[in-house]
Number of protein chains: 2
Amino acid sequence: MTERPDTDVLFKALADPSRRKLMDVLHANDGRTLNELCEHLDMSRQGVTQHLNVLEAANLVAIVWRGREKLHFLNPVPLQEIYERWIAKFERSRVKALHGLKQRLEAGETIDTPKRRKS
Amino acid sequence: MTERPDTDVLFKALADPSRRKLMDVLHANDGRTLNELCEHLDMSRQGVTQHLNVLEAANLVAIVWRGREKLHFLNPVPLQEIYERWIAKFERSRVKALHGLKQRLEAGETIDTPKRRKS
DNA sequence: TCTTCAGGCAAGTCATTACTTGCATATTGG
DNA sequence: CCAATATGCAAGTAATGACTTGCCTGAAGA
C-alpha cells in the first residue's frame with residue numbers, strides 16, 4: 001500500500017499560501033489570464049508563473065492559450081484523491097483511535113509524569 | 001475571507017512523504033512509541049522526532065507520556081477542516097468551472113495556437 | 001508595419017527545511 | 001543503586017524552494 005507518485009506533487013502544490021490564494025482567486029472567477037492573476041499576488045510576474053507551473057504539474061490548474069494570452073482553469077479532480085486517500089480514510093477511524101487511546105493507557109500504569117514537560 | 005493561521009501549518013505538515021507515512025503507520029496501529037515509529041522510517045531517531053513535532057504542531061498527532069515512553073495518537077479532526085475549506089468548496093464548483101471554460105473560449109476567437117508550445 | 005502587450009526562459013540569491021551527530025537527562029528493571 | 005533504555009536538546013550541513021532581475025519571443029492593434 002505505497003503512495004501514488006503524483007500524491008507528493010499534489011500535497012506539495014497545496015503547501016504554499018500563494019498557490020492556495022491563486023486557487024481561491026480562480027475559484028471566485030475561473031479562466032483568468034496570467035496578468036489578471038498577478039494583480040492579486042504581491043510578487044513579480046515570474047513568481048506567479050512559477051507557482052502556476054507547480055499547480056499545473058499537480059494537475060490542479062489547466063491552461064488554454066487564446067492568442068497571446070494564457071487562460072487558467074481550475075481542475076478540482078485531484079482534490080478528490082486527497083479526500084479518498086486521506087480525509088475519508090482517517091475520518092472513519094476517529095472513534096477507533098480514541099478507543100485505542102483508552103486501551104493503551106489502561107494497559108500501562110503511569111499516565112501523568114513528573115519531570116517530563118513537553119505535553 | 002482570508003485563511004486561518006493554522007491552515008498553513010496543516011498543509012505544510014502534510015506536504016512531506018515521511019510525515020504522511022508516519023500518519024499511515026499510526027492509522028494502522030495507533031498509540032505507538034517513538035522507537036516503534038522509527039522502525040518504519042529510514043532515518044535517524046532525531047529525524048523522526050522532528051517530523052512528529054511538525055505533526056503535533058499541526059494538531060494531527062497527540063502525545064501522551066507513559067513513564068519514559070512517548071505514545072503517539074492520530075487526531076483526524078484537522079483533516080476535516082481541509083475537507084470543508086478545500087475539497088467540498090471546490091468540488092461544488094466543478095461543473096461551474098467547466099461551464100466557465102466553454103464561455104470564455106467562445107468569447108475569444110483563437111483557441112489553438114501556432115508558435116506557442118507549452119500545453 | 002511597428003510599437004505595445006502578454007508571456008517565456010535562465011541564472012542567481014536568500015530563506016527554509018530535512019536530516020545528522022554528539023551529548024545530556026529521566027525512567028525502569030535487576 | 002546502577003546499567004540499560006527512551007527520549008530531549010543544540011548546532012551544523014546539504015538540499016530544496018521561493019522569489020527576483022534581465023533579456024527574449026510572439027501576437028495584436030493603431
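Just so it is clear, the values below take in all heavy atoms, side chains as well, and ignore hydrogens, waters and symmetry mates. Bear in mind the structure is a predicted one, so any value in this text is a computation, not a measurement. Within every chain, numbering begins at 1; the chains are lettered A, B, ... in the order of the sequence lines, protein sequences first and strands thereafter.
Within the structure, salt bridge (Lys or Arg N to Asp or Glu O under 4.0 Å) pairs that include any residue of residues 39-55 of chain A do not occur (at least two apart or interchain).
Not one N or O on the side chain of B:Asn75 forms a donor-acceptor pair closer than 3.5 Å with the backbone of B:Ala62. Side chain of B:Arg32 to backbone of B:Leu37: no donor-acceptor contact under 3.5 angstrom is found.
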Query raised in the report: Can you check side chain to side chain donor-acceptor pair (under 3.5 Å) on A:His51 and A:Arg19, steps first, answer last?
Result: CA-CA 6 Å; A:His51 281 306; A:Arg19 289 194 286 270; 3.1 Å; yes
Report task. Could you walk me through whether A:Glu81 and A:Leu10 pass side-chain contact (heavy atoms from CB on, under 4.5 Å), step by step? Result -> CA-CA 9 Å; A:Glu81 183 199 349; A:Leu10 180 53; 3.7 Å; yes
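Within the helix from C:dT1-D:dA30 to C:dG30-D:dC1, the inter-axis angle between the opening and closing five-pair segments is 30°, rounded to 10°.
Classified by interplanar angle (parallel below 30°, tilted 30° to 60°, perpendicular above 60°), the ring pair B:Trp86/B:Phe11 is perpendicular.
Rounded to whole Å, the distance from NZ on A:Lys21 to P on D:dC19 is 13 Å. Distance, A:Glu39 CD to C:dG7 P: 11 Å, rounded to whole Å. Distance B:Lys70 NZ to C:dT28 C1': 19 Å, rounded to the nearest Å. In this structure, A:Ile63 atom CD1 and C:dA6 atom C1' are separated by 14 Å, rounded to whole Å. Between the CZ atom of A:Phe11 and the P atom of D:dG17 there is a distance of 16 Å, rounded to whole Å. One atom, CZ of B:Arg66, and another, P of C:dT28, lie 10 Å apart when rounded to the nearest Å. Per the geometry, CH2 belonging to A:Trp65 stands 11 Å off C1' belonging to D:dT25, to the nearest Å. As rounded to whole Å, 14 Å separates atom P of D:dG17 from atom CG of A:Leu55.
Regarding contacts with the backbone of D:dT16, every side-chain N or O of A:Lys12 stays at 4.0 angstrom or more from both OP1 and OP2. Using a 4.0 Å cut-off, some side-chain N or O of A:Arg19 falls inside it from OP1 or OP2 of D:dA18. Side-chain N/O atoms of A:Ser18 include none lying less than 4.0 angstrom from OP1 or OP2 on D:dA18. Distances shown here put every side-chain N or O of B:His51 at or beyond 4.0 Å from the OP1 or OP2 atom of C:dT17. Look at B:Asn35 and you won't find any side-chain N or O under 4.0 angstrom from OP1 or OP2 of D:dT5.
A salt bridge does not link B:Glu84 with B:Lys89: none of the charged nitrogens is closer than 4.0 Å to a carboxylate oxygen. Residues B:Lys12 and B:Asp8 are paired through a salt bridge, judged by an N-O separation under 4.0 Å between the basic side chain and the carboxylate.
With rounding to the nearest 0.5 angstrom, the CG atom of A:Leu52 is 6.5 Å from the NZ atom of A:Lys70.
Nearest nucleotide to the A:Asp16 side chain, out of D:dA18, C:dC19, C:dA6: D:dA18. Listed nucleotides: C:dG7, C:dT4, D:dG8. Nearest to the side chain of A:Arg68: C:dT4. Comparing C:dT28, D:dT7, C:dG7 by their nearest atom to the side chain of A:Leu34 picks out C:dG7.
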Under 3.5 Å, which N/O atoms of the protein pair with N/O atoms of nucleotides 20-24 of chain D?
from	atom 1	to	atom 2	distance (Å)
D:dT20	OP2	A:Ser44	N	2.7
D:dT20	OP2	A:Ser44	OG	2.7
D:dT20	O4	A:Gln50	NE2	3.0

